[in-house]
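Here's the structure, in structure tokens; my notes come after.
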Amino acid sequence: MSQKKIRVRFAPSPTGYLHVGGARSALYNYLFARNQGGEFILRIEDTDVARSTEESLKMVMSDLKWLGLNWDEGPQSDGQTEIGSYGPYKQSERLDIYLDVAEELLKIGKAYYCFMTDEELEIQRQKFIAEGKNPHVSSPYENWDLEKAKQELKSGRPGVVRFKSQHLKKDYILNDLVRGEVRFPSDMVGDFVLLRSDGMPVYNFCCVVDDHLMKISHVLRAEEHLPNTLRQMMIYEAMSWEFPLFGHISLVLDEDRQKMSKRRGATSCFQFKEEGYLPEALLNFVTLLGWSHPEQKEIFSLEETIQLFNVNRLHPSGAVFDRVKLKWMNSQYLRALSNEDLWKKTEPFLKAANLKLPYEDKQWAFSSIAVFKTYMETLVDGVTFYTALDDSKFEIKPEASEVLAWEPTKVVLSEWAELLKVHVGESFTEAEFLKIQEVVKVKTGAKGKNLFQPIRVAVIGQPHGTELKILVPLMTKTSLLKRASQVLASLK
RNA sequence: GUCCCCAUCGUCUAGUGGCCUAGGAUGACUCCCUUUCACGGAGUAGACACCGGUUCGAAUCCGGUUGGGGACGCCA
């Protein structure tokens, strides 16, 4: 057997943002292609006209780009061009091709026109369920003459094209790349639809035609497609086409072990982007949902994954998407960033939050982000920290009330404000701040948390947070004074 | 209901018949660092779903039970 070129595809239907489960499918295909020196194709499954939109397609493409999963063939994000010689890559533009294949299947008796109404279908379904059988379509039109059926169609009677499966009494054996041998009895499915009554082809059909014509060698997709694979094998067989190799990866589940749903938080890559996750972190995390590093490393780059990727290490059971661990991973990536890079990534979030910062120079930006780096789990956390530096957002938090009620607090704060006032210059060095703190201590006799917590409240409005000796040098005298007097005023 | 898939700490997983009194990561807890909170460091608790079989030997192979999930669409 000749060595076939490795060609894999990711085939989303453009009905919204890219789901993290979809992203993982795309990723595994991408990794496999890159590891094998093969090609990674983007095909758009938009035969469900009602739900597919051009807008969604753009979103999916931009999510893939954000993740860094670049495709070799398929539509490009400008919406105009396509790359590759097996196009078009949008199924809605390939209708003629499917129709030809459908005609072929009708002609050789592997498919037929069916005129059953929804009511008839439902009655049959109920009957089979009552008998404890598979509720699969068994159509009286199965053996109708093709010409007769076409006449019927011409007369205006709505009909679909169904695949003829009832006579295929045998087991289909799939040698799944991740599951091993899977045996499907042919009666697991009924006579499924190939062409809708409006002439539009459906998923299972387009998928086979395209995978064949686009010379796809391996199909890595989610486990939910397993029953579809039987239908697709039947079509391949009917057309005497060679099967690609299939691998069905596990499902991505929520904490309640159900398919991931929006109820429990973000599910799309775009949402994670908005919540301040780094694409590298999301990718790394998602890689580990069903695949493991041969040396059990947890943090590794896309490049390293490409080098090491092997379908043998794909895990067959469902994986719960642990948002807490994702957060941890994101914080690891954040900390590995240079101050400059982290600032660049954080800045857009600060702008979006409309924060007014005490200084505008880059030097200040980098040294401030260096402080917050070890506190941040997501870029959005940066907003919280910088908000503390924005005077217009300053407020005395409820957690501060206990500290404010302490007996020495008032004296400490009066002294603190007094010393700030006499300080020469608008900013403070760490040493200058420590000196002031020391003087407050000596003059008031307060020490320990009686000293530090009131000052912290006077700086950030709450008793816990970043070290003051690091924070104060990032602030201005004007700002500190204003805050101190505000807190002092609240004591009266 | 029918068919298919799956089954190791709460979670992600390592493990392909002896290296397993089951390893790592995360989360939890404790301690250290720290005049707060984090970060960091050290440590503790925590799993082979169950029952049979094969074998000198089973987390690993086989069968069954149970549990979970998926599919049963003119969605993909």
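Sequence lines set the chain letters: A, B, ... in the order given, protein chains first and strands last, and positions in each chain run from 1.
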Quantified in whole Å, what is the [atom1] atom distance between nucleotide [N] and nucleotide [M]?
N	M	atom1	value
B:rA59	B:rU21	P	9 Å
B:rG67	B:rC51	P	16 Å
B:rA47	B:rC39	C1'	30 Å
B:rC62	B:rU26	P	34 Å
B:rG46	B:rG23	P	12 Å
B:rA7	B:rC12	C1'	15 Å
B:rG24	B:rC61	C1'	26 Å

task = Tell me yes or no: between the side chains of A:Glu304 and A:His293, is some donor less than 3.5 Å from an acceptor?
result = yes
ask   = Without hydrogens or angle criteria, can the side chains of A:Glu73 and A:Tyr89 be said to hold a donor-acceptor pair below 3.5 Å?
value = yes
For the pair [X] and [Y], find out whether any cationic side-chain nitrogen is under 4.0 Å from an anionic carboxylate oxygen.
X	Y	result
A:Asp211	A:Arg9	yes
A:Lys58	A:Asp63	no
A:Asp171	A:Arg183	yes

query = Do A:Ile455 and A:Leu468 have side chains that get closer than 4.5 Å, going by heavy atoms?
reply =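 Yes; the side chains approach each other to less than 4.5 Å.
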task = Answer whether the closest heavy-atom distance between the side chains of A:Leu282 and A:Cys269 falls below 4.5 Å.
result = yes
Toward the 5' end of RNA chain B, by each residue's nearest nucleotide, A:Pro316 or A:Thr466 = A:Pro316
key: RNA chain B: 5'-proximal contact among A:Val182 and A:Asn204 (nearest heavy atom)   =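 Looking at RNA chain B, the more 5' nearest nucleotide goes with A:Val182.
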message = Within residues 452-464 of chain A, which residues have any heavy atom lying less than 4.0 Å from an atom of RNA chain B?
response =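 Those residues whose heavy atoms fall under 4.0 Å from RNA chain B, taken from residues 452-464 of chain A in numerical order, are A:Phe452, A:Gln453, A:Arg456, A:Pro463, A:His464.
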ask   = For RNA chain B, what residues of residues 284-299 of chain A have any heavy atom nearer than 4.0 Å?
value =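 RNA chain B contact set from residues 284-299 of chain A: A:Leu288, A:Leu289, A:Gly290, A:Ser292, A:Gln296, A:Glu298.
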message = With a 6.0 Å cut-off (strictly less than), is the heavy-atom count around CD of A:Glu402, excluding the residue itself, greater than 12?
response =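 No, CD of A:Glu402 has 12 or fewer neighbouring heavy atoms, counting only those of other groups under 6.0 Å.
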inquiry  = Students often mix this up, so state it plainly: with edges at 30° and 60°, are the rings of A:Phe372 and A:Phe385 parallel, tilted or perpendicular?
reply    =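 Rings of A:Phe372 and A:Phe385: parallel, as their planes differ by under 30°.
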Starting at [atom1] of [X] and ending at [atom2] of [N], how long is that distance when rounded to a whole Å?
X	N	atom1	atom2	value
A:Met188	B:rC3	CE	P	11 Å
A:Leu314	B:rC12	CG	C1'	14 Å
A:Asp322	B:rA28	CG	P	11 Å
A:Glu45	B:rA76	CD	P	8 Å
A:His225	B:rG69	NE2	C1'	16 Å
A:Arg313	B:rC12	CZ	C1'	14 Å
A:Met329	B:rU26	CE	P	9 Å
A:Phe372	B:rC37	CZ	C1'	13 Å

inquiry  = Under the rule for ring pair (Phe, Tyr, Trp, His ring centres under 6.0 Å), what residues qualify as partners of A:Tyr141, not counting sequence neighbours?
reply    =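 Counting only residues at least two positions away or on another chain, A:Tyr141 forms a ring pair (Phe, Tyr, Trp, His ring centres under 6.0 Å) with A:Phe115, A:Trp144.
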query = Do A:Lys170 and A:Tyr172 meet the cation-pi criteria used here (NZ or CZ under 6.0 Å from the six-membered ring centre, within 45° of the axis)?
reply = yes
Compare the minimum distances between each of [options] and the side chain of [X], then state the nucleotide with the smallest one.
X	options	value
A:Ser317	B:rC74, B:rC72, B:rA7	B:rA7
A:Arg231	B:rC72, B:rC74, B:rA25	B:rC72
A:His315	B:rA14, B:rA71, B:rA76	B:rA14

message = Can you tell me whether the side chain of A:Asn228 and the base of B:rA71 have a donor-acceptor pair closer than 3.5 Å?
response =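 Such a pair does not exist between side chain and base.
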